Peer 1: 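Okay, here's the structure, questions in a sec.
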Amino acid sequence: MAIFDAYPKAKYHFLVLPRYPFPPRSNPESRSSIVKLDHLDSLRTLLLKTTADVREQVIGALADTAQEVEEMIRDEMIKTEGFEWGINIGFHAIPSMKHVHVHVISEDRMSDKLKTKKHYNSFRPDLGFFVSLRDVQHWIEDGDDQSIRQHIESLDSAEALLDTPLMCFKCDEPEHNMPSLKKHLEKEYEKEKKTALKRIAERGRQRSSDEDMF
């Protein structure tokens with residue numbers, strides 16, 4: 001299921017969570033669950049305490065719903081702003097909420113709820129605290145239990161990343177405080193919007209394929 005984040009850190013910010021009971025893919029109407037409730041506490045418990053088939057089904061379901069949310073956000077972007085911009089989909093290395101969940105968040109990072117350096121750094125897609133859903137899918141597809149455990153254990157030290165000096169993740173420009181960073185992000189957004197709308201006016205569309213932008 002998908003819900004609005006109660007404290008959105010961008011124009012668009014949703015959470016995607018697995019339902020419980022979580023029925024088997026072969027019988028979606030079943031009231032039984034292929035995973036225990038406490039195994040859905042976090043990404044760590046999901047990947048380390050379940051079988052390969054269970055974690056693949058749960059992560060796959062999260063990915064499917066996240067994609068639906070992403071498509072809905074893109075539609076809203078076009079309706080409200082006239083163009084699309086980047087969307088990040090992933091987990092926090094050390095979550096603040098019990099029950100595994102995926103963040104689907106637009107790259108503008110324009111919100112009055114984005115107040116602190118830790119808020120910002122926790123959603124930087126280039127830093128390491130925000131772990132992309134696609135990376136987690138690769139862990140599952142390409143690795144065995146041991147390699148997955150290594151990936152998960154590597155996240156234990158991620159909290160230190162929240163103290164990383166402020167820097168724009170789009171252009172690497174350093175900022176001294178949150179007010180200056182937020183002004184910079186607004187300028188980046190307006191610049192991106194201007195470029196996108198110009199391209200749409202010239203070509204009739206923003207991009208030639210999904211890969212051009214995302």
Side-chain angles (χ1 to χ4, degrees), residues 1-25 28 33-74 76 86-116 118-141 143 148-149 151-159 161-162 169 214:
M1 64 178 178
I3 60 174
F4 289 100
D5 192 293
Y7 303 96
K9 302 303 189 294
K11 284 178 174 287
Y12 300 95
H13 189 179
F14 291 81
L15 302 181
V16 175
L17 308 91
R19 292 184 179 276
Y20 184 84
F22 189 93
R25 182 188 299 148
S33 182
I34 63 172
V35 59
K36 295 180 180 179
L37 180 59
D38 62 341
H39 291 175
L40 295 175
D41 282 351
S42 65
L43 181 63
R44 167 184 283 272
T45 56
L46 174 61
L47 296 191
L48 297 186
K49 292 187 176 182
T50 62
T51 63
D53 180 61
V54 168
R55 60 190 177 228
E56 186 276 328
Q57 288 194 52
V58 175
I59 293 295
L62 291 176
D64 289 344
T65 303
Q67 183 177 7
E68 293 174 3
V69 173
E70 180 183 10
E71 291 171 356
M72 179 273 294
I73 291 174
R74 291 188 188 183
E76 285 299 310
I87 298 171
N88 303 131
I89 302 175
F91 304 85
H92 276 159
I94 303 174
S96 59
M97 184 179 86
K98 190 175 181 179
H99 200 75
V100 62
H101 57 282
V102 176
H103 293 271
V104 184
I105 181 171
S106 55
E107 279 195 346
D108 52 90
R109 303 301 193 269
M110 293 168 58
S111 169
D112 59 0
K113 301 296 191 297
L114 187 71
K115 298 180 178 180
T116 69
K118 288 186 176 182
H119 285 167
Y120 174 71
N121 283 338
S122 71
F123 287 100
R124 269 184 60 175
D126 62 333
L127 193 58
F129 191 90
F130 188 84
V131 183
S132 77
L133 173 58
R134 186 170 297 179
D135 283 347
V136 174
Q137 289 177 299
H138 288 325
W139 296 353
I140 294 172
E141 292 167 2
I148 290 174
R149 178 175 293 278
H151 284 299
I152 289 296
E153 291 180 347
S154 71
L155 302 180
D156 290 343
S157 60
E159 190 166 5
L161 297 172
L162 298 179
F169 67 87
F214 303 98

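On a predicted model such as this, the values are computed, not experimentally measured, just so you know. No hydrogens, no waters, no symmetry mates; every other heavy atom, side chains included, goes into these values.
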Peer 1: Less than 6.0 Å separating the ring centroids of His103 and Phe123?
Peer 2: yes
Peer 1: Measuring from atom CZ of Phe14 to atom OG of Ser106, what distance do you get when rounded to the nearest 0.5 angstrom?
Peer 2: 9.5 Å
Peer 1: So that I can tick it off, tell me whether Lys36 and Asp38 are bridged by a salt bridge, with the cut-off set at under 4.0 angstrom between side-chain N and carboxylate O.
Peer 2: no
Peer 1: Would you say Asn88 and Arg109 make side-chain contact, with heavy atoms under 4.5 Å?
Peer 2: yes
Peer 1: By side-chain contact (heavy atoms from CB on, under 4.5 Å), which residues pair with Glu153, not counting sequence neighbours?
Peer 2: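 Scan of Glu153 (side-chain contact (heavy atoms from CB on, under 4.5 Å), adjacent residues dropped) gives Arg149, Asp156.
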Peer 1: Are side-chain heavy atoms of Leu162 and Ser122 found at a separation under 4.5 Å?
Peer 2: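 Yes. Closest side-chain heavy atoms under 4.5 Å.
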Peer 1: Can you confirm whether Arg55 sits close enough to Ile148 that some side-chain heavy atom of one is under 4.5 Å from a side-chain heavy atom of the other?
Peer 2: yes
Peer 1: Determine whether Leu133 and Val104 make a side-chain contact, defined as any pair of heavy atoms from C-beta on separated by less than 4.5 Å.
Peer 2: no
Peer 1: Can you tell me how far the OG atom of Ser42 sits from the CD1 atom of Ile152, to the nearest 0.5 Å?
Peer 2: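 Separation between the atoms: 7.5 Å.
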Peer 1: Under 3.5 Å, side-chain donor or acceptor atoms of residues 1-8 against the rest of the protein: list the pairs with distances, not counting sequence neighbours.
Peer 2:
{"residue": "Asp5", "atom": "OD1", "partner": "Tyr7", "partner atom": "N", "Å": "2.7"}
{"residue": "Asp5", "atom": "OD2", "partner": "His13", "partner atom": "NE2", "Å": "3.3"}

Peer 1: Determine whether a donor-acceptor pair (N or O, by modelled atom type, separation under 3.5 Å) exists between the side chain of Ser33 and the backbone of Tyr20.
Peer 2: no
Peer 1: Answer yes when Glu56 and Arg25 have at least one side-chain N-carboxylate O distance shorter than 4.0 Å, and no when they do not.
Peer 2: yes
Peer 1: Is it the case that the side chain of Ser154 and the backbone of His151 share a donor-acceptor pair, with hydrogens and angles ignored and the cut-off at 3.5 Å?
Peer 2: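 Present.
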Peer 1: Is any side-chain heavy atom of Val102 less than 4.5 Å from a side-chain heavy atom of Phe91?
Peer 2: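 The answer is yes, as the side chains (C-beta and beyond) meet within the 4.5 Å cut-off.
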Peer 1: Considering residues at least two apart in sequence or located in another chain, which fulfil the side-chain contact (heavy atoms from CB on, under 4.5 Å) criterion with Pro18?
Peer 2: Phe22, Leu40, Val58, Leu62, His99, Val100
Peer 1: So do the side chains of Glu107 and Phe169 get within less than 4.5 Å of each other, counting heavy atoms only?
Peer 2: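 Touching, per the 4.5 Å side-chain cut-off.
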Peer 1: Please round to the nearest 0.5 Å and tell me the distance separating atom CG of Leu15 and atom CE of Met97.
Peer 2: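 The CE atom of Met97 is 5.5 Å from CG of Leu15, to the nearest 0.5 Å.
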